[in-house]
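The analysis underlying the following values was restricted to heavy atoms, covering all of them including side chains, and did not include hydrogens, waters or symmetry mates. In this text, all values refer to a predicted model and were calculated from it rather than measured experimentally.
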Amino acid sequence: MFQTLKAQAPDKILSLMQAYKADDRDTKIDLGVGVYKDASGNTPVMRAVKEAERRLVAEQTTKAYTGLAGDPAFADAMIDLLLADTVKRDRIAAIATPGGTGAIRQALEMVKLAAPGATIWISNPSWPNHASIIKFLGLPLREYRYFDEATRGVDFDGMIADLSTVAEGDVVLLHGCCHNPTGANPTLDQWDQIIATLQNVQAVPFVDVAYQGFGDGLDQDAQATRKIAAAFPNVMIAASCSKNFGIYRERTGILMGIARNADEAKLTQANLNFLNRQNYSFPPDHGARVVTTILTDPALRADWEAELEETRNGMLGLRKQLADELRQRANDDRFDFIADHRGMFSRLGTTEAKVEILRADHGIYMVSDSRMNIAGLNAETVPILAQAIVDAGI
């Protein structure tokens with residue numbers, strides 16, 4: 001059977017990881033992998049996570065399955081974190097998933113189940129796995145303009161023009177905050193125009209929220225998603241706990257489906273449960289239980305929010321330092337966009353050839369489309385990167 005298989009294209013980021021590990025230069029810098037790192041290059045376990053896990057080890061009395069949708073307390077805690085009181089709880093169906101990727105996969109499975117003829121629209125560019133999963137499931141795919149290579153900001157006019165052509169019932173995938181891979185985000189006023197455009201064409205929004213708390217703050221990063229949730233009868237939201245709780249390997253995510261009313265939500269919930277059963281039966285619980293413990297304990301939540309703020313402010317500091325270094329070394333303000341971007345990533349907007357120069361001549365590893373992970377830097381490596389960017393003629 002296996003002799004009929006075809007070779008798959010290697011994952012660019014995983015290939016980049018391997019190349020970085022094989023590089024024996026002491027000065028090499030890894031800006032490719034989308035994982036948060038502190039100033040020492042470690043991905044730490046957050047204090048609140050450590051304490052929540054300690055409590056679970058001491059107090060948990062069973063490892064029995066929870067339910068097809070996962071622990072209801074996890075869904076309640078995450079809905080409160082992301083949506084607050086924007087939508088009545090009885091309109092929301094939710095399932096725990098293996099990470100944010102699992103939530104995206106289940107959302108797309110839901111589209112295939114409920115509206116197999118719908119086209120999925122994604123930003124150009126977007127996280128590569130979006131298109132990969134859509135294509136694998138055989139769903140129609142189109143792109144809308146998003147990034148302006150000249151300004152390194154949002155191509156808002158192009159975005160609105162393309163979204164105006166979306167057909168009724170099509171699904172539009174939006175990044176709720178901290179756009180990956182560009183770091184460029186619409187303003188709240190622009191979000192209002194995006195919402196009005198999608199309402200006009202009667203599209204179904206699908207929001208991917210992977211970095212809540214990494215941009216402008218927990219509530220601020222949820223504002224666009226809350227606006228969308230309040231504006232449409234049906235919305236899908238995929239959220240990840242990997243970054244803001246630092247529990248990457250625990251694969252903790254959630255998919256929310258907002259329905260028109262309580263009866264439709266019950267039907268939606270039953271179908272989401274069915275999809276979980278088909279794909280992996282019961283979702284993993286440990287990470288979800290950790291998150292629930294933190295979000296429902298006032299002291300743990302306060303400590304988690306404080307550490308998350310430290311992380312966010314650290315990345316903002318690195319952004320400003322890099323923009324300042326580049327302004328000084330290039331004697332130009334063309335890199336000021338780096339300080340304006342939010343989240344872990346920024347896209348330099350340069351060519352693949354110049355990205356290769358950065359790797360070959362300076363040991364700086366970033367994705368070929370020039371997406372760089374700001375969290376891969378520290379105060380000592382920022383000047384090195386800035387000089388390499390100038391030397392490479394970017």
Side-chain angles (χ1 to χ4, degrees), residues 34 36 75 77-87 92 94 97 99-108 110-111 120-127 129-130 133 144 146-147 153-154 156 159 163 171-199 203-232 234-245 252-258 291 295 308 311-312 315 340-347:
Y36 172 76
M78 287 298 294
I79 289 169
D80 178 69
L81 178 69
L82 186 54
L83 296 179
D85 58 357
T86 303
V87 179
I92 307 173
T97 59
T101 303
I104 291 164
R105 173 62 182 258
Q106 293 296 64
L108 293 170
M110 186 62 137
V111 175
I120 314 295
W121 292 73
I122 66 173
S123 63
N124 179 16
S126 191
W127 181 50
N129 228 15
H130 286 151
I133 297 172
Y144 57 87
Y146 186 83
F147 189 63
V154 176
F156 187 68
M159 182 182 185
L163 293 181
V171 176
V172 177
L173 201 160
L174 303 159
H175 297 233
C177 63
C178 305
H179 186 271
N180 178 7
T182 69
N185 300 288
T187 65
L188 286 178
D189 287 343
Q190 288 175 332
W191 274 116
D192 288 336
Q193 295 179 64
I194 292 167
I195 288 169
T197 302
L198 296 182
Q199 286 175 323
V204 178
F206 172 20
V207 188
D208 183 3
V209 186
Y211 301 95
Q212 185 185 1
F214 268 34
D216 293 307
L218 278 170
D219 283 333
Q220 294 91 328
D221 290 348
Q223 283 183 302
T225 302
R226 291 172 185 173
K227 281 176 173 284
I228 293 165
F232 293 86
N234 290 144
V235 180
M236 293 184 296
I237 302 169
S240 170
C241 300
S242 294
K243 286 80 178 180
N244 53 9
F245 287 90
T252 305
I254 188 168
L255 172 62
M256 306 172 195
I258 298 176
V291 169
L295 292 180
L308 182 58
T311 299
R312 184 181 74 85
M315 286 189 288
D340 296 330
H341 286 175
R342 288 295 182 267
M344 285 173 53
F345 305 113
S346 275
R347 184 162 166 171

- Contacts of type side-chain hydrogen bond (donor to acceptor under 3.5 Å, both in side chains), residue D219, not counting sequence neighbours: R226

- Among all residues two or more places apart in sequence or in another chain, which pass the side-chain contact (heavy atoms from CB on, under 4.5 Å) test with A231? I195, Q199

- Task: State which residues pass ring-ring contact (aromatic ring centres under 6.0 Å, His included) with Y144; sequence neighbours excluded, sorted by chain then number.
- Result: none

- Return yes if some donor-acceptor pair links the side-chain N/O of Q212 with the main-chain N/O of L81 below 3.5 Å, else return no. yes

- Which pair of heavy atoms, one from L255 and one from A107, lies closest together, and at what distance? CD2-N, 3.5 Å

- Message: Under the side-chain contact (heavy atoms from CB on, under 4.5 Å) test against V87, which residue among V235, I79, I92 passes?
- Response: I92

- Query: Hey, would you say the Y146 and H179 ring centroids sit under 6.0 Å apart?
  - Reply: yes

- Item | Heavy-atom donor-acceptor pair, D221 side chain to G215 backbone, under 3.5 Å | yes

- Side chain to side chain, F245 and T252, heavy atoms closer than 4.5 Å: no

- Query: Which residues satisfy the side-chain hydrogen bond (donor to acceptor under 3.5 Å, both in side chains) test with D192, sequence neighbours excluded?
  - Reply: K227

- Message: Give me the atom names and distance for the closest heavy-atom approach of G100 to A238.
- Response: O-CB, 4.5 Å

- Message: Between T182 (side chain only) and R347 (backbone N and O only), is there a donor and an acceptor less than 3.5 Å apart?
- Response: no

- Got a sec, which residues hit ring-ring contact (aromatic ring centres under 6.0 Å, His included) with F206, two or more places apart in sequence or on another chain? none

- Item | Residues which pass side-chain contact (heavy atoms from CB on, under 4.5 Å) with S126, listed by chain and number, not counting sequence neighbours | I122, S123, H130, H175

- Query: Residues two or more places apart in sequence or in another chain: which of them pass side-chain hydrogen bond (donor to acceptor under 3.5 Å, both in side chains) with T225?
  - Reply: none

- Query: Can you list the residues that meet the ring-ring contact (aromatic ring centres under 6.0 Å, His included) rule with H341, with sequence neighbours excluded?
  - Reply: F337

- Of the non-hydrogen atoms in P205 and L174, which two are nearest, and what is the gap between them? CB-CD1, 4.4 Å

- Considering all heavy atoms, the nearest G34-M344 contact: C-CE, 3.4 Å

- Query: Can you name the closest pair of heavy atoms from P125 and F147 and give their distance?
  - Reply: CD-CB, 3.6 Å

- Output all residues satisfying side-chain hydrogen bond (donor to acceptor under 3.5 Å, both in side chains) with D340, sequence neighbours left out; order by chain, then residue number. none

- Note on the structure: The side-chain contact (heavy atoms from CB on, under 4.5 Å) partners of T311 (sequence neighbours excluded) come to Y36, F214, M315

- Task: Provide the full list of salt bridge (Lys or Arg N to Asp or Glu O under 4.0 Å) pairs with a residue in residues 204-217, sequence neighbours left out, each pair given once.
- Result: D216-R342

- Message: Less than 4.5 Å apart, side chain to side chain, heavy atoms only: is that true for Q193 and F156?
- Response: yes

